[in-house]
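First comes the structure, then the notes that go with it.
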Amino acid sequence: MSDLLLHLPRLARVEPDSLSACFDGLTPQQRAAVEHGAGPLLVLAGPGSGKTRVITRRIAARIAQGVPAWTILALTFSNKAAREMRTRVESLCGSRATGRGGPTISTFHAFSAQLLRRFGGSSLAAGLGTAPLRDDFSILDADDAATALRQAISDSGLDPKQWRASTVASHISRAKNQLWIAAEHAANASDFLERTVAKVHAAYERETARQNALDFDDLLTRCARMLRDDVELRAELQQRYVEVLVDEYQDTNHSQFVIASLLAQQHRNICVVGDPDQSIYGWRGADLSNILEFEKHFPRAAIVPLGENFRSTGHIVATAARLILHNGKRRHKELHTSLGDGATVEVVRLDNEIAEAERVAQTIERQHAEGMPLREMAVLMRMNALTRVVEDSLRRRNIPCVIARGTAFFERREVRDALAYLRLIANPLDEVSLQRIVNVPARGIGGTTMQRIGNAAVLRRISLLDAMQQARSLGITERTAKAIDGFVALVVRARSELDVKPAANLGGFVSRVLLETGLGRAAAASAETEEEGAEREANVTEVANAAALHEMPEGDPSAAPPTLGDALRSFLQSVALVADADAIDPEKGAVTLMTLHASKGLEFDSIFIIGLEEGLLPHARSLGSPDEVEEERRLLYVGITRARRHLLLTTCAARTVRGLQERTIESGFLREIAGEGVVSSDEADGVGQMRVREPSVMRRFGSAGSESGAAPRPALPAAGVGGSRQMPAGIRVGTVVRHAQFGVGRITALLPRGSMTSVEVDFRPGGRRTLVLEYARLEIVAGS
DNA sequence: TTGACCAGTGTTTTT
DNA sequence: CACTGGTCAA
């Protein structure tokens with residue numbers, strides 16, 4: 001199944017029942033980790049050091065030592081990682097690891113959702129402190145959550161222009177990660193901004209509670225709170241989980257830390273595996289100190305470093321090591337490999353993204369002709385948006401490629417509409433879904449009507465769907481009322497089947513419901529071309545197919561057989577929790593295109609990383625803070641270490657941004673990796689650069705002068721660093737500047753910082769911030 | 001109520 | 001550029 005399996009032929013020889021087989025072929029360090037008995041264990045696993053192997057062998061070893069399989073809990077981040085781990089444990093342990101008697105191997109989110117469904121109904125702690133959670137809650141994806149949040153913002157009487165949903169969302173997310181509910185958020189808010197956000201948080205909380213819906217953060221936060229506050233339940237689960245293992249521990253956030261550590265508290269057998277240098281989810285709340293301070297959290301923990309890299313050849317390992325040395329927040333590991341130097345790492349500079357894509361495609365073609373399978377090659381990039389050009393180049397050469405975007409299908413409008421119907425049927429309080437599809441396909445129930453019904457619902461304290469049933473008493477025309485009746489009847493009828501039919505009917509049920517909605521035909525009709533229409537219709541059908549194929553997770557053996565409703569909820573949950581990385585299937589004979597984030601945990605013979613430019617990698621959004629730049633560096637580190645034998649990095653002299661070609665500045669990271677085993681070449685000839693726009697004024701601040709246009713290409717050593725630089729005119733203490741994110745503020749200090757300059761700016765509502773002048777894109781509002 | 005058109009806007013990464 | 005939210009006329 002998995003690509004990793006293909007490269008571990010030794011696994012096949014393992015005797016399922018013998019403990020010693022679990023140690024077969026391990027290095028002494030790996031063996032130490034697998035062998036470790038009771039007590040906390042931290043495995044610091046460098047890239048390619050056999051991390052997955054250690055964790056799966058360890059599970060197998062514990063089972064062989066007599067720990068009952070069902071008392072083992074392994075938590076991962078992606079479904080794919082969970083699936084892979086399960087497969088490997090099963091192949092090691094055979095029947096003892098399968099089915100309901102086997103270990104629990106799940107993602108944090110799915111595990112939390114499971115616990116909340118099972119126990120949230122009887123545990124006050126799972127709710128908001130007043131009412132328990134219902135077990136038929138919906139899971140809001142990021143988009144739905146944003147919709148609900150926008151609603152909450154306007155409900156709070158705030159100007160949606162000034163309070164952007166994305167900004168507010170990240171503040172609320174941070175609060176939830178502290179395990180705060182809105183009331184606690186408000187109690188802990190110390191400034192105007194946070195107090196306002198807390199108000200929105202409260203409105204959002206009310207709104208989602210009314211709709212019986214949880215967002216991604218809620219799943220973790222509520223689960224952590226339930227475990228923290230419900231003493232009885234906690235004791236029961238602590239009793240059950242004798243061994244807790246966490247994969248990719250460097251990416252756990254506070255909620256996840258609380259969940260894992262509370263569950264492991266009684267038996268104290270917690271084994272975490274991770275690499276601080278590969279932490280790339282800080283923006284999502286990942287807390288590096290979880291892994292950096294593991295021994296503080298779990299005194300007397302054993303620590304096993306795995307530094308030997310079995311994946312990549314020498315120059316690749318050395319390049320990665322050189323890069324990561326520039327980070328401050330880390331735990332140093334000596335990386336080494338015994339695979340020999342291998343091929344040199346190539347760095348190529350091209351004119352623009354088209355030349356870049358062509359260069360990559362050409363190299364892929366050549367390597368393929370030399371015998372490398374396409375599935376052994378991957379192109380990595382900072383943003384999904386960069387895939388398009390590469391895709392075009394590959395297509396033109398008839399090189400098949402797959403884009404690792406597992407969520408892409410579920411982002412299609414018609415698919416989301418179909419799922420909204422199903423979610424409404426599963427949870428009639430789900431107004432985000434109701435509003436979404438009440439008039440899709442158009443049936444004459446417009447905004448005014450829904451507004452009126454909404455008001456009535458609030459007034460009469462009933463749900464929107466119930467209010468719709470009373471449409472005639474609201475002075476709604478007969479014609480519209482008929483349409484409403486039809487819609488409500490559809491939902492109610494479908495819903496009546498949920499408790500009476502068995503789970504096995506899911507596929508037929510979904511297909512019938514979707515047919516009845518007329519969604520497929522409507523989606524087809526709204527398309528511009530015939531093909532597009534057919535595709536949309538097929539997508540709707542595909543939802544039914546997916547439902548038919550859905551497998552329920554192993555349930556409690558003592559519980560009643562699952563109903564259609566159980567199956568529907570389970571299906572919707574699995575659909576809500578898919579990830580991009582889940583779509584990666586290396587069995588296909590195709591080149592994989594994906595983001596650097598999605599590449600974590602994978603490996604390929606040949607890796608291409610494109611777009612090594614300032615503003616892209618490191619990404620512009622990270623440049624204000626040194627911590628975030630370190631994370632960008634780790635991101636590149638992750639990318640580099642995916643490669644087994646070949647690595648090509650590309651950078652462009654110009655790149656099209658928002659439809660305009662802009663001059664770029666080579667990524668500073670390229671300078672950091674320069675050294676033995678890295679060969680750079682400049683293949684930019686300047687020809688494709690006719691329409692190049694000079695970098696914008698804001699970006700030009702501080703970078704070595706290219707204003708004159710005299711130097712159409714910056715010298716190869718990265719610009720933006722080194723060279724003489726003057727302060728942009730007018731920047732001094734007292735200058736009033738505007739920042740895209742923080743607004744208007746006054747400069748309070750200028751500090752030299754290495755080759756750059758830090759400015760301290762006092763933003764009135766946002767407080768005081770230190771920004772890197774060269775990167776902050778400050779706009780001068782007024783002099784001192 | 002609908003659909004068409006416009007203007008503005010924002011741009012990372014994802015469970 | 002691509003997308004969304006909003007506005008306006010039929």
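Naming: A, B, ... by sequence-line order, numbering from 1 per chain.
- Between A:Arg150 atom CZ and C:dT4 atom C1' there is a gap of 9 Å when expressed in whole angstrom units.
- Along DNA chain B, the nucleotide nearest A:Leu220 and the nucleotide nearest A:His619 are compared for position; the residue whose nucleotide lies closer to the 5' end is A:His619.
- For an aromatic pair to be called close, the ring centres must be under 6.0 Å apart, and A:Trp283 with A:His597 satisfies this.
- Relative to the side chain of A:Tyr281, the nucleotides B:dT15, B:dT13, B:dT14 differ in distance, and B:dT14 lies closest.
- Both thresholds, 5.5 Å between centres and 30° between ring planes, are met by A:Trp283 relative to the base of B:dT13, so the two rings are stacked.
- The side-chain hydrogen bond (donor to acceptor under 3.5 Å, both in side chains) test with A:Arg655 singles out one residue from A:Glu613, A:Glu662, A:Glu353, and that residue is A:Glu613.
- DNA chain B is contacted by both A:Phe216 and A:Glu632; A:Glu632 maps to the nucleotide lying nearer its 5′ end (nearest heavy atom per residue).
- If you take CG of A:Leu219 and C1' of B:dT14, they are 14 Å apart, rounded to a whole angstrom.
- How far NE2 of A:His109 is from CG of A:Asn79: 10.5 Å, rounded to the nearest 0.5 Å.
- Contact annotation: A:Thr595 side-chain N/O to B:dT12 OP1/OP2 distance is not under 4.0 Å.
- Listed candidates were B:dT15, B:dT12, B:dT1. Nearest to the side chain of A:Thr448 is B:dT1.
- Atom-to-atom, CZ of A:Arg388 to C1' of C:dC1 comes out at 10 Å; the value is rounded to the nearest Å.
- Separating the CZ atom of A:Phe108 from the C1' atom of B:dT14 is a distance of 16 Å, rounded to the nearest angstrom.
- Annotation: side chain to side chain donor-acceptor pair (under 3.5 Å) contacts involving residues 432-449 of chain A, sequence neighbours excluded, comprise A:Asp417-A:Arg436, A:Tyr421-A:Arg443, A:Arg423-A:Ser433, A:Asp430-A:Ser433.
- B:dT14 atom P lies 12 Å from atom CD of A:Glu631, rounded to whole Å.
- Summarising the geometry, the separation between CG on A:Asn177 and P on B:dT15 is reported as 17 Å, rounded to the nearest angstrom.
- Here A:Glu631 pairs with A:Arg634 in a salt bridge; the nearest charged N to carboxylate O distance falls below 4.0 Å.
- Ion pairing between A:Lys176 and A:Asp215 holds under the 4.0 Å rule for side-chain N and carboxylate O.
- Put simply, the side chain of A:Met381 does not reach to within 4.5 Å of the side chain of A:Leu596, judged on heavy atoms.
- Residue A:His597 and nucleotide B:dT13 are not classified as a stacked aromatic pair, given the requirement of ring centres less than 5.5 Å apart at an interplanar angle below 30°.
- The phosphate of B:dT15 has neither OP1 nor OP2 within less than 4.0 Å of any side-chain N or O from A:Thr107.
- Spacing between atom CD of A:Glu662 and atom P of C:dC1 amounts to 15 Å, rounded to whole angstrom units.
- Note that A:Lys600 lies in the cation-pi zone of A:Phe77, set by a 6.0 Å cut-off to the ring centre and a 45° limit from the axis.
- In this entry the distance linking CD1 of A:Ile476 with C1' of B:dT1 reads 13 Å, nearest Å.
- Taking atom P in both C:dG5 and B:dT12, one finds a spacing of 16 Å when rounded to whole Å.
- Proximity of A:Asn384 to the phosphate of B:dT12: no side-chain N or O atom is located under 4.0 Å from OP1 or OP2.
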Distances under 3.5 Å between nitrogen or oxygen atoms of protein and nucleotides 2-10 of chain B:
from	atom 1	to	atom 2	distance (Å)
B:dT2	OP1	A:Asn439	ND2	3.3
B:dT2	OP1	A:Gly444	N	2.8
B:dT2	OP2	A:Asn439	ND2	2.8
B:dG10	OP1	A:Arg164	NE	3.2
B:dG10	OP1	A:Arg164	NH1	3.3
B:dG10	OP1	A:Arg164	NH2	2.1

